[in-house]
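Numbers here simply count residues along the sequence, with the first being 1.
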Amino acid sequence: MKIVIVGGVAGGATAAARIRRLDEKAEILVFERTGYISYANCGLPYYIGDVIQKKADLTLQTPESFWKRFRITMKVQHEVLAIHPEKKSVSVRNLATGETFEEGYDKLVLSPGAKAVVPQLPGVNSKKIFTLRTVEDTFAIKDFVTEHKPRSAVMVGGGFIGVELAENLRQLGLEVTIVQRPTQLLSPFDADMASFIHNQMRKNGIKLALGATVTGFQENAEGISVLLKDGNTVHGDLVVLAIGVTPETSLAKEAGLALGLKDSILVNDRMETSIKDIYAVGDAVQVKHAVTGEDSLIALAGPANKQGRIVADNICGGDSRYLGSQGSSVIKLFDMTAATTGINEKQARKAGLSVDRVILSPMSHAGYYPGGKIMTMKVVFEKESYRLLGAQIVGYDGVDKRIDVLATAIHAGMKATDLKDLDLAYAPPYSSAKDPVNMAGFIIDNISKGSKQWHLSDLEGLLQNKAVTLLDTRTPKEFSQGHIEGFTNIPVDELRERISEIPVEKPVYVICQSGLRSYIATRILEGYGYEAYNFAGGYRFYEAVVQDKVLSEAAFPCGMDK
């Protein structure tokens with residue numbers, strides 16, 4: 001059996017190695033257009049930032065190492081020009097020599113990946129404008145930084161790659177501005193959770209121009225100007241376009257394969273395309289979202305690796321199925337970590353789901369053990385059924401392990417209330433006896449049993465409603481350092497003695513710093529016959545969102561000119 005694979009990296013290289021492990025006699029041939037067959041795509045920003053210092057560390061395998069260990073023929077700098085399904089062959093050009101030839105196959109695997117989006121705007125072809133998708137892109141940016149020693153950079157786009165590269169350039173000492181049309185960074189997060197991300201980026205000196213539309217670029221002796229629709233200009237010594245990616249599927253389209261979203265390749269759960277004996281994997285394929293069941297494009301290395309393994313199993317006579325992509329992601333933001341899995345609140349509502357959410361701020365480990373740090377968690381679930389839909393966490397220590405627990409719970413089909421029952425490892429340096437994931441489960445379980453909460457979106461209406469009582473249960477010192485106008489301050493420990501100050505006929509909306517003391521206050525109030533609601537997230541959460549809103553609505557970030 002002869003297998004031809006178009007494209008390496010996560011999907012294609014994984015498929016090739018797995019096929020060899022299953023079939024020692026198969027002839028396996030991989031064509032890769034770039035000069036690198038298997039590289040750490042997610043590590044590229046960190047090479048630019050000198051975190052990864054050796055070029056060799058980016059290349060996980062070479063054609064030579066693949067041949068030596070697996071007897072797989074890897075042809076780099078070979079571009080597949082066309083697929084001929086009727087002949088079961090592909091046309092290939094050797095980019096080094098210009099030679100063109102035809103190669104037959106019994107099974108064909110397409111792993112062409114995705115390409116960076118480059119908007120057709122005036123000035124976009126400047127040599128001071130870069131994209132970051134391949135190893136070659138990485139070296140081009142690194143060489144420019146080394147040779148020209150730029151003092152400033154503009155990132156157009158605030159997705160994962162854009163934010164990671166912004167951090168790395170900033171740590172090299174550059175002034176960095178992120179410009180993008182959406183009003184928040186990192187779209188898998190809800191806007192309220194993105195507030196913590198924005199504040200962290202600003203804290204570390206990165207300027208944000210959110211909600212700004214780029215209309216063109218002007219190169220000059222001082223660098224390059226990014227022109228905005230509102231007449232403002234952002235200057236930098238270099239610009240990196242990180243707007244996103246689009247599936248690279250011209251081959252599939254010309255060969256007559258069925259296509260889906262943004263011309264992605266349609267596959268079934270065996271990763272088979274619409275044409276017999278042709279499979280496809282990775283960023284170029286349309287998948288089902290594991291939570292909503294909707295058609296999706298999810299460009300992540302983890303799903304691509306799994307799909308490569310599934311294709312190999314099926315080519316070699318097995319019956320492996322891809323269960324869908326959940327979109328679990330994590331990102332380093334200087335000393336902060338942000339992570340997400342499943343769908344966020346905005347996506348859930350767009351999908352027509354009836355949803356609720358809890359927001360909490362637990363410590364990363366036991367409070368009595370030194371060094372604990374607060375994280376902010378948002379867990380989204382379906383009303384009535386309490387089906388777990390997604391989670392977002394922003395914090396410092398232990399974020400990654402909590403998001404992985406929640407990702408596993410979603411994959412297993414657990415209810416949000418089941419989180420309280422998880423038996424998770426505990427020792428004071430690592431967690432609390434009631435782990436943050438358990439705490440989320442406790443809060444949701446309380447809601448399922450009648451506890452009431454209110455959200456930041458309710459605040460404006462509450463401030464105008466004379467028929468409610470607004471209560472802040474923090475200490476007077478905390479209250480004096482910042483509070484929401486219209487709230488009365490009665491510390492939770494004084495509430496029973498001062499209960500007569502609160503009209504019993506009015507619903508009481510309670511807030512504290514994190515949500516714990518206000519929850520205790522609602523239980524006290526309910527014990528005295530009041531209708532009480534606890535604020536999800538606490539004043540700390542409110543303050544972060546409001547601070548971000550104020551800064552985002554500022555006239556012009558530093559570095560922008562009329």
Side-chain angles (χ1 to χ4, degrees), residues 9-10 13 34-62 116 130-178 185-186 188-189 196-208 236-242 245 299-302 304-305 328-340 364 373 375 393-401 403-404:
V9 197
T34 72
Y36 301 89
I37 196 68
S38 179
Y39 57 88
N41 191 290
C42 298
L44 301 182
Y46 299 98
Y47 174 75
I48 294 170
D50 280 342
V51 178
I52 299 171
Q53 297 188 346
K54 297 179 182 178
K55 286 184 178 181
D57 290 340
L58 293 176
T59 53
L60 306 176
Q61 294 283 355
T62 65
F130 301 85
T131 58
L132 181 57
R133 182 66 185 170
T134 67
V135 173
E136 287 86 351
D137 293 338
T138 307
F139 293 161
I141 296 173
K142 184 66 172 177
D143 290 345
F144 184 91
V145 171
T146 301
E147 180 180 350
H148 297 282
K149 294 180 172 51
R151 292 178 296 176
S152 60
V154 179
M155 304 297 307
V156 180
F160 282 83
I161 290 294
V163 169
E164 287 174 338
L165 184 54
E167 175 193 346
N168 277 275
L169 291 175
R170 180 65 186 141
Q171 290 188 320
L172 288 178
L174 279 71
E175 294 292 325
V176 180
T177 302
I178 299 177
L185 302 176
L186 303 179
F189 293 83
F196 292 90
I197 296 167
H198 298 168
N199 293 335
Q200 172 73 352
M201 300 299 277
R202 294 188 183 104
K203 173 186 171 184
N204 285 278
I206 292 179
K207 306 173 186 70
L208 303 181
D237 295 327
L238 77 154
V239 169
V240 180
L241 301 178
V245 296
L300 293 170
N305 274 284
S328 300
S329 305
V330 63
I331 185 171
K332 173 182 173 293
L333 305 163
F334 298 94
D335 61 341
M336 178 182 276
T337 300
T340 179
S364 58
K373 296 181 179 178
M375 65 180 73
I393 312 177
V394 178
Y396 298 89
D397 296 336
V399 169
D400 53 341
K401 79 170 184 175
I403 206 70
D404 284 343

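The only member of I197, L186, L185, I161 that meets side chain to side chain contact (heavy atoms under 4.5 Å, CB included) when paired with I331 is L186.
Between the side chains of N204 and Q171, no donor-acceptor pair is found at a separation under 3.5 Å.
Nearest heavy-atom pair, F160 versus P188, reported as atom, atom and distance to 0.1 Å: CE1-CG, 3.7 Å. Among all heavy-atom pairs drawn from E164 and P45, the shortest one is OE1-CG, 3.9 Å. Listed here is the closest heavy atom pair of M201 and L333: SD-CD2, 4.1 Å. Summarising the geometry of V176 relative to R170, their closest heavy-atom pair is CG2-N, 3.8 Å, with the distance given to 0.1 Å. When every heavy atom of S152 is checked against every heavy atom of G236, the shortest pair comes out as OG-CA, 3.3 Å. Between D397 and K373, the closest heavy-atom pair is OD2-CD, 4.0 Å.
The shortest side-chain heavy-atom distance between D335 and Y396 falls under the 4.5 Å cut-off.
A salt bridge between D50 and K142 is present, with a side-chain N of the basic residue lying under 4.0 Å from a carboxylate O of the acidic one.
At least one donor-acceptor pair closer than 3.5 Å links the side chain of D137 to the backbone N or O of T134.
Atoms CZ and CG, from F139 and L58 in turn, are 5.5 Å apart once rounded to the nearest 0.5 Å. The structure places CD of Q200 at 8.5 Å from CD of E167, a figure rounded to the nearest 0.5 Å.
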